[in-house]
S.K.: 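Structure provided below as structure tokens; questions to follow.
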Amino acid sequence: MNIVVTGASGLIGSALVPALRSDGHTVTKLVRRDPRADDEARWDPMRGEVDGSAVAAADAVVNLAGAGIGDRRWTASYKRQVYDGRINGTGALARALAGAADRSRIFISGSAVGYYGDRGGDEVDESSGPGDGFLPHLVVDWEAATQPAADAGVRVVTIRTGVVLAAEGGALGQVLPLFKAGLGGRLGSGRQWLSWIALADEVAAIRFLLAADDVSGAVNLTAPQPVRNVDYTKAVGRALHRPTVLPAPAFALRAAFPGFADEGILISQRVMPRRLTDAGFEWRHPEVNAALQAML
């Protein structure tokens, strides 16, 4: 297939693109600068602009672009950047696909388990409704932006991804130096549930969904065994052979990360990947201890 990928330089995209090419697919990366190679095309997600010829030539589009949710303090301007980049960019891709929908096409578009909000210890799956707050509102609108493509007959899958674990970046990679120094610890009470997925499984799931012709709509990309933060913290310590006895109190996290602490750090989400399981996907790393041992 000819596959267009956005966010190709990010944590997921940088692992996905070579995997797709190893599968024999041709990959074109959408970039926000002037293209420098034959496998690049221009787009501007904030303005909602995309090279329509690149999309018209594609059999599938995988949309992974978006400013990092927790990369900066949640000022009003940064929240607007996070929101506009996702909604405008996704909408531009959906409209371009709709305008070129003269044959079967696939649109796999990024989403997040932030859709569910804080659910305590309750299990949720794709049939559950959205929560309250900035992130659920963002994800609802983000997924809705794909609608022009769906209306045109494109198979649309919105991948509600959990916390992606990888030694080379993301939530785990950023804190590894602290854990290696013996300064890691639980966040807040540590009782909150963490819905995670190994990077290898995230990439494998996207490849699986590209070929799963009978799957459309929202799909949770999370491991089938979510864990509490305190158990995840201990698992990282065991993998690195380091103590994890220095907790980060909730009040300190709220002071350092206003807004984001309650919606992205201290939130409790026990998300189950029902649709991926029912479709027959097999995880390489379904359990967090073995996953972290393999990574670290």
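Note that the structure is a prediction, hence the values are computed from the model and not measured.
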S.K.: So, for A198 and M295, which heavy atoms are closest and what is the spacing to 0.1 Å?
M.R.: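 Minimum heavy-atom contact is CB-CE, 3.5 Å.
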S.K.: For A58, is there any backbone N or O sitting under 3.5 Å from a side-chain donor or acceptor partner on R105?
M.R.: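 Yes, the answer is positive, given that a donor and an acceptor are paired below the 3.5 Å cut-off.
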S.K.: So which heavy atom on F208 is nearest to which on A279, and how close?
M.R.: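 So the minimum-distance heavy-atom pair works out to CZ-O, 3.4 Å.
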S.K.: Is there a side-chain contact between V82 and W74 in this structure, where contact means two heavy atoms from C-beta onward sitting under 4.5 Å apart?
M.R.: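 Result no, sub-4.5 Å side-chain heavy-atom pair not found.
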S.K.: A98 and P148: which non-hydrogen atoms are nearest, and at how many Å?
M.R.: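 Looks like CB-O, 3.4 Å.
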S.K.: Are any of the side-chain heavy atoms of F260 and L253 separated by less than 4.5 Å?
M.R.: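 Not in contact.
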S.K.: Please indicate whether D71 has more than 12 foreign heavy atoms, meaning atoms of other residues, nucleotides or ligands, lying under 6.0 Å from its CG.
M.R.: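 Yes, because the 6.0 Å sphere around CG of D71 holds more than 12 heavy atoms from other groups.
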S.K.: Measuring from L221:CG to L276:CG, what's the distance to the nearest 0.5 Å?
M.R.: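 Output value for this atom pair is 5.5 Å.
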S.K.: Decide, yes or no, whether a salt bridge links R32 with D44 under the criterion of side-chain N to carboxylate O below 4.0 Å.
M.R.: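 No salt bridge links R32 with D44.
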S.K.: Is the backbone of Q225 close enough, under 3.5 Å, to the side chain of W196 for a donor and an acceptor to pair up by distance?
M.R.: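 Checking the backbone N and O of Q225 against the side chain of W196, a donor-acceptor pair under 3.5 Å is found.
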S.K.: Is there a path from W283 to L165 through hydrophobic residues (I, L, V, M, F, W, Y) whose side chains come within less than 4.5 Å of each other?
M.R.: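 As far as the 4.5 Å side-chain criterion goes, L165 and W283 are not connected within one cluster.
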S.K.: When you check the side-chain N and O atoms of N220 and T222, is any donor under 3.5 Å from an acceptor?
M.R.: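 No - no donor-acceptor pair under 3.5 Å links their side chains.
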S.K.: For T233, run the side-chain contact (heavy atoms from CB on, under 4.5 Å) check against N229, V230, V236 and tell me which one passes.
M.R.: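 That would be N229; it is the only one of N229, V230, V236 passing the side-chain contact (heavy atoms from CB on, under 4.5 Å) with T233.
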S.K.: Quick one: do R42 and L30 satisfy side chain to side chain contact (heavy atoms under 4.5 Å, CB included)? Show the steps, please.
M.R.: CA-CA 6 Å; R42 181 85 162 81; L30 292 188; over 6 Å; no
S.K.: Would you find a donor on one side and an acceptor on the other, under 3.5 Å apart, between the side chain of N289 and the backbone of A235?
M.R.: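 No; judged by distance alone, with no hydrogens or angles, the pair does not exist.
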S.K.: With rounding to the nearest 0.5 Å, note down the distance linking CZ in R72 to NZ in K79.
M.R.: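 Nearest 0.5 Å value for the CZ-NZ distance: 13.5 Å.
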S.K.: Hey, does L135 have a side-chain heavy atom less than 4.5 Å from the side chain of I69?
M.R.: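 In contact.
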S.K.: Determine, stepwise, if the pair V62 / L16 fulfils side chain to side chain contact (heavy atoms under 4.5 Å, CB included).
M.R.: CA-CA 10 Å; V62 181; L16 177 65; 3.8 Å; yes
S.K.: Given 3.5 Å as the limit, does a donor-acceptor pair link the side chain of E40 with the main chain of R36, or not?
M.R.: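 Yes; at least one donor-acceptor contact below 3.5 Å.
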S.K.: Let's go through L178 and L246 carefully: what are the C-alpha distance in whole Å and the side-chain angles of both, what is the deciding distance for side chain to side chain contact (heavy atoms under 4.5 Å, CB included) to 0.1 Å, and is it a yes or a no?
M.R.: CA-CA 10 Å; L178 285 175; L246 296 174; over 6 Å; no
S.K.: Which heavy atom of P177 sits nearest to which heavy atom of G173, and what is that distance?
M.R.: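 So the two residues come closest at CD-O, 3.7 Å.
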S.K.: Measure the shortest side-chain to side-chain distance between R119 and S128 over non-hydrogen atoms and say whether it is less than 4.5 angstrom.
M.R.: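 They are in contact (side-chain heavy atoms under 4.5 Å apart), so the answer is yes.
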S.K.: So, taking the atom named CG in D231 and the one named CZ in R186, what distance separates them when rounded to the nearest 0.5 Å?
M.R.: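 Reported value, rounded in 0.5 Å steps: 12.0 Å.
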S.K.: For the backbone of A218 and the side chain of R275, can you confirm whether one donor and one acceptor N or O come within less than 3.5 Å of each other?
M.R.: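 Judged by distance alone, yes, a pair lies under 3.5 Å.
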S.K.: Would you check if the side chain of R73 reaches a backbone N or O of A256 as a donor-acceptor pair within less than 3.5 Å?
M.R.: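 Yes, R73 side chain to A256 backbone: donor-acceptor pair under 3.5 Å.
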S.K.: Start with the C-alpha gap between E202 and T161, add the side-chain angles, then the distance that decides, and say whether side-chain hydrogen bond (donor to acceptor under 3.5 Å, both in side chains) holds.
M.R.: CA-CA 8 Å; E202 175 81 5; T161 298; 2.9 Å; yes
S.K.: Is the Y115 to W142 ring centre distance short of 6.0 Å?
M.R.: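 Centroid separation for Y115 and W142: 6.0 Å or greater.
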S.K.: Between D39 and R21, does at least one N-O distance fall below 4.0 Å, as a salt bridge requires?
M.R.: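 Yes, this pair counts.
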S.K.: Please check: side-chain N/O of R242 versus main-chain N/O of L240, any donor-acceptor pairing under 3.5 Å?
M.R.: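 Yes, the answer is positive, given that a donor and an acceptor are paired below the 3.5 Å cut-off.
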S.K.: Given 3.5 Å as the limit, does a donor-acceptor pair link the side chain of H25 with the main chain of L20, or not?
M.R.: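 Judged by distance alone, no pair lies under 3.5 Å.
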S.K.: Donor-acceptor pair, D125 side chain versus M272 backbone, under 3.5 Å?
M.R.: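 No; zero donor-acceptor contacts below 3.5 Å.
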S.K.: When hydrophobic residues are tied together by side-chain contacts of less than 4.5 Å, even through go-betweens, does L11 share a cluster with V203?
M.R.: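 Yes, it is one cluster - the side chains of L11 and V203 are joined through contacts under 4.5 Å.
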S.K.: Closer than 4.0 angstrom, basic N to acidic O: yes or no for D122 and R270?
M.R.: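 So D122 does not pair with R270 through a salt bridge.
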S.K.: Which atom pair, heavy atoms only, marks the closest approach of P286 to P224?
M.R.: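 Minimum heavy-atom contact is CB-CG, 3.7 Å.
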S.K.: If Ile, Leu, Val, Met, Phe, Trp and Tyr residues are connected whenever their side-chain heavy atoms lie under 4.5 Å apart, and connections chain through other members, are I106 and L93 in the same group?
M.R.: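 No, I106 does not connect to L93 through the hydrophobic network.
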S.K.: Tell me whether L266 shares a hydrophobic cluster with V271, the cluster being built from Ile, Leu, Val, Met, Phe, Trp, Tyr side chains joined at under 4.5 Å.
M.R.: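 Yes; tracing contacts between hydrophobic side chains, which count when under 4.5 Å, links both residues.
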S.K.: Taking M46's backbone N and O only, do any of them form a donor-acceptor pair with N88's side chain (distance below 3.5 Å, no angle check)?
M.R.: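 Answer holds: yes.
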S.K.: If I compare all heavy atoms of A294 with all of H285, which pair ends up nearest, and what's the gap?
M.R.: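 Of all heavy-atom pairs spanning A294 and H285, the closest is CB-CE1, 3.7 Å.
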S.K.: Could you tell me if N63 and T90 have a donor-acceptor pair between their side chains, going purely by distance under 3.5 Å?
M.R.: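 Indeed, the side chains of T90 and N63 share at least one donor-acceptor pair under 3.5 Å.
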S.K.: Any chance CZ of R191 has more than 12 other-residue heavy atoms, nucleotides or ligands included, within less than 6.0 Å?
M.R.: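 Open: at most 12 neighbouring heavy atoms sit under 6.0 Å from CZ of R191.
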S.K.: Roughly how far, to the nearest 0.5 Å, is CZ of R80 from CD1 of I87?
M.R.: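 Nearest 0.5 Å value for the CD1-CZ distance: 9.5 Å.
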S.K.: Once rounded to the nearest 0.5 Å, what's the spacing between atom CD1 of I12 and atom CD1 of I206?
M.R.: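 Rounded to the nearest 0.5 Å, the CD1-CD1 separation comes out at 6.0 Å.
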S.K.: How are the rings of Y83 and H137 set relative to one another: parallel (under 30°), tilted (30 to 60°) or perpendicular (over 60°)?
M.R.: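 Y83 vs H137 ring planes: parallel.
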S.K.: Considering only NZ, NE, NH1 and NH2 on the basic side and carboxylate oxygens on the acidic side, decide whether R160 and E143 come within less than 4.0 Å.
M.R.: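 Result for this pair is yes, salt bridge flagged.
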S.K.: With F179, which of L172, T244, L296 fulfils side-chain contact (heavy atoms from CB on, under 4.5 Å)?
M.R.: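 Of all the options given, the one that passes is T244.
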S.K.: From D141 CG over to R86 CZ, what is the distance, rounded to the nearest 0.5 angstrom?
M.R.: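 Reported to 0.5 Å precision, the distance equals 12.5 Å.
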S.K.: Would you call R207 and D23 a side-chain contact if the rule is heavy atoms closer than 4.5 Å?
M.R.: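 Yes - at least one pair of side-chain heavy atoms lies under 4.5 Å apart.
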S.K.: Let's go through I159 and I108 carefully: what are the C-alpha distance in whole Å and the side-chain angles of both, what is the deciding distance for side chain to side chain contact (heavy atoms under 4.5 Å, CB included) to 0.1 Å, and is it a yes or a no?
M.R.: CA-CA 7 Å; I159 49 174; I108 296 181; 3.9 Å; yes
S.K.: Do V164 and L64 share a hydrophobic cluster, counting only Ile, Leu, Val, Met, Phe, Trp and Tyr and linking them when any side-chain heavy atoms are less than 4.5 Å apart?
M.R.: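 Both belong to a single hydrophobic cluster.
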